Amino acid sequence: MTIETATLTDEKIYSRHRDELMRFARVLVGPDQAADILSSVIVRILSRRHLSDLDDPRPYLYRAVLNEAQSFRRKQRHLNGLAPELISSNPTPPANPEVLEAVAALPPRQRAAIYLVYWQGCTPTEAASLMNARPGTVRRYLHLARQHLRGVLDESAA
């Protein structure tokens with residue numbers, strides 16, 4: 001395969017997954033930084049390998065976005081202690097803004113599990129594949145996230 005052919009294939013692969021990866025990045029870091037996260041991931045991946053070399057690039061891309069988002073949030077927290085941003089541009093956000101704020105406050109892996117399972121309709125096994133985790137780990141993330149959300153939302157209702 002020539003570099004030109006691989007590049008075209010990489011472009012097609014990126015085009016096919018761009019929108020869903022952008023939504024995923026928005027959930028993890030907010031709408032303002034999502035494009036930067038995705039750009040960083042794509043530049044880093046394509047500088048090392050071709051997406052067309054992978055059997056299934058989708059899980060690889062999801063893991064890369066999740067890892068980059070976690071790194072970004074660690075840097076942000078370290079630099080200025082910012083609170084998590086609202087996920088205001090998610091295509092199917094919860095109707096209640098309190099729920100949106102509570103989800104935005106979750107750690108990235110719990111937020112990713114919630115997004116993939118409840119908003120994208122993935123099974124825990126499918127989410128585990130995209131997150132490079134075991135299905136039991138994703139179920140644990142979901143349990144912890146639900147527990148946290150229940151506590152936060154019960155407090156706000158009182």
Side-chain angles (χ1 to χ4, degrees), residues 1-77 82 84-95 97 99-146 149:
M1 175 183 314
T2 66
I3 291 177
E4 188 173 309
T5 305
T7 303
L8 288 176
T9 304
D10 288 345
E11 289 173 16
K12 287 180 184 177
I13 291 169
Y14 173 70
S15 294
R16 181 179 310 135
H17 299 291
R18 177 185 53 231
D19 292 341
E20 67 183 282
L21 291 170
M22 183 62 82
R23 285 190 299 272
F24 187 55
R26 282 185 192 126
V27 166
L28 297 174
V29 297
D32 295 336
Q33 287 82 22
D36 292 339
I37 295 296
L38 187 54
S39 296
S40 296
V41 165
I42 295 302
V43 167
R44 185 175 311 117
I45 288 172
L46 294 180
S47 69
R48 295 182 194 158
R49 68 179 328 152
H50 293 290
L51 292 172
S52 56
D53 294 342
L54 301 170
D55 291 335
D56 184 5
R58 187 172 182 249
Y60 185 83
L61 289 165
Y62 266 85
R63 286 189 298 269
V65 169
L66 177 59
N67 290 339
E68 184 70 20
Q70 285 182 295
S71 177
F72 171 81
R73 292 182 65 79
R74 272 192 303 271
K75 288 176 193 169
Q76 286 298 100
R77 193 170 37 246
L82 292 177
E85 293 182 2
L86 293 178
I87 312 163
S88 59
S89 63
N90 184 39
T92 57
V99 172
L100 195 59
E101 288 179 34
V103 170
L106 291 170
R109 289 201 173 265
Q110 289 178 26
R111 191 174 334 134
I114 290 287
Y115 173 76
L116 291 170
V117 172
Y118 293 113
W119 292 350
Q120 291 297 313
C122 294
T123 65
T125 302
E126 292 167 337
S129 171
L130 294 174
M131 294 174 63
N132 194 30
R134 293 185 176 131
T137 303
V138 170
R139 285 190 290 277
R140 178 74 176 152
Y141 290 149
L142 291 170
H143 170 75
L144 292 171
R146 285 190 301 260
L149 294 172

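Residues take their numbers from the sequence shown, with the count starting at 1. As a basis for the values below, the full set of heavy atoms in this structure was taken, side chains included, without hydrogen atoms, waters or symmetry mates. What you see is a predicted model; the values in this text were computed from it and never measured.
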Check whether any side-chain N or O of Arg146 sits under 3.5 Å from a backbone N or O of Ile114 as a donor-acceptor pair, and report yes or no.
no
More than 12 heavy atoms of other residues, nucleotides or ligands under 6.0 Å from CZ of Arg134: is that the case?
no
Here the pair of heavy atoms bringing Leu130 nearest to Arg63 is O-CG, 3.1 Å
Sidechain-backbone polar pair: Ser71 side chain, Asn67 backbone, donor-acceptor under 3.5 Å
no
Show, in sequence, the C-alpha distance, side-chain angles and deciding distance for Leu116 and Phe24, and conclude whether the side chain to side chain contact (heavy atoms under 4.5 Å, CB included) test is met.
CA-CA 8 Å; Leu116 291 170; Phe24 187 55; 4.0 Å; yes
Flag side-chain contact, heavy atom, 4.5 Å: Arg16 against Arg58:
no
Under the salt bridge (Lys or Arg N to Asp or Glu O under 4.0 Å) test, residues paired with Glu126 that sit two or more places apart:
none
Gap between atom OH of Tyr62 and atom CG of Leu28 - 0.5 Å precision:
10.0 Å
Nearest-0.5 Å distance that lies between atom CH2 in Trp119 and atom CZ in Arg23:
12.5 Å
If I take atom CD1 from residue Ile13 and atom CD1 from residue Ile45, how far apart are they, to the nearest 0.5 angstrom?
10.5 Å
Which residue is it: Glu68, Met22, Gln33, His17? I am looking for the one with a side chain to side chain contact (heavy atoms under 4.5 Å, CB included) to Leu38.
Met22
Using the rule given for side-chain hydrogen bond (donor to acceptor under 3.5 Å, both in side chains), can you reason through Arg26 versus Tyr115, listing the C-alpha separation, both sets of side-chain angles and the distance that settles it, and then say yes or no?
CA-CA 11 Å; Arg26 282 185 192 126; Tyr115 173 76; over 6 Å; no
Which atom names give the shortest non-hydrogen contact between Ala127 and Cys122, and what distance separates them?
N-CB, 4.1 Å
So, for Ile37 and Val29, which heavy atoms are closest and what is the spacing to 0.1 Å?
CG1-CG2, 3.8 Å
I'd like to know if the side chain of Arg111 reaches the main chain of Ala104, judged simply by a donor and an acceptor atom lying under 3.5 Å from each other, with no hydrogens or angles considered.
yes
Ala128 to Val138 - nearest heavy-atom pair and separation:
CA-CG2, 3.5 Å
Quick one: does Glu20's side chain get under 4.5 Å of Gln120's, heavy atoms only?
no
Roughly how far, to the nearest 0.5 Å, is the CG atom of Leu46 from the CD atom of Glu11?
9.0 Å
Atom pair CG (Leu51) and CG (Asp56), whose distance is rounded to the nearest 0.5 Å:
11.0 Å
Gap separating the CZ atom of Arg109 from the CG atom of Leu66, nearest 0.5 angstrom
4.5 Å
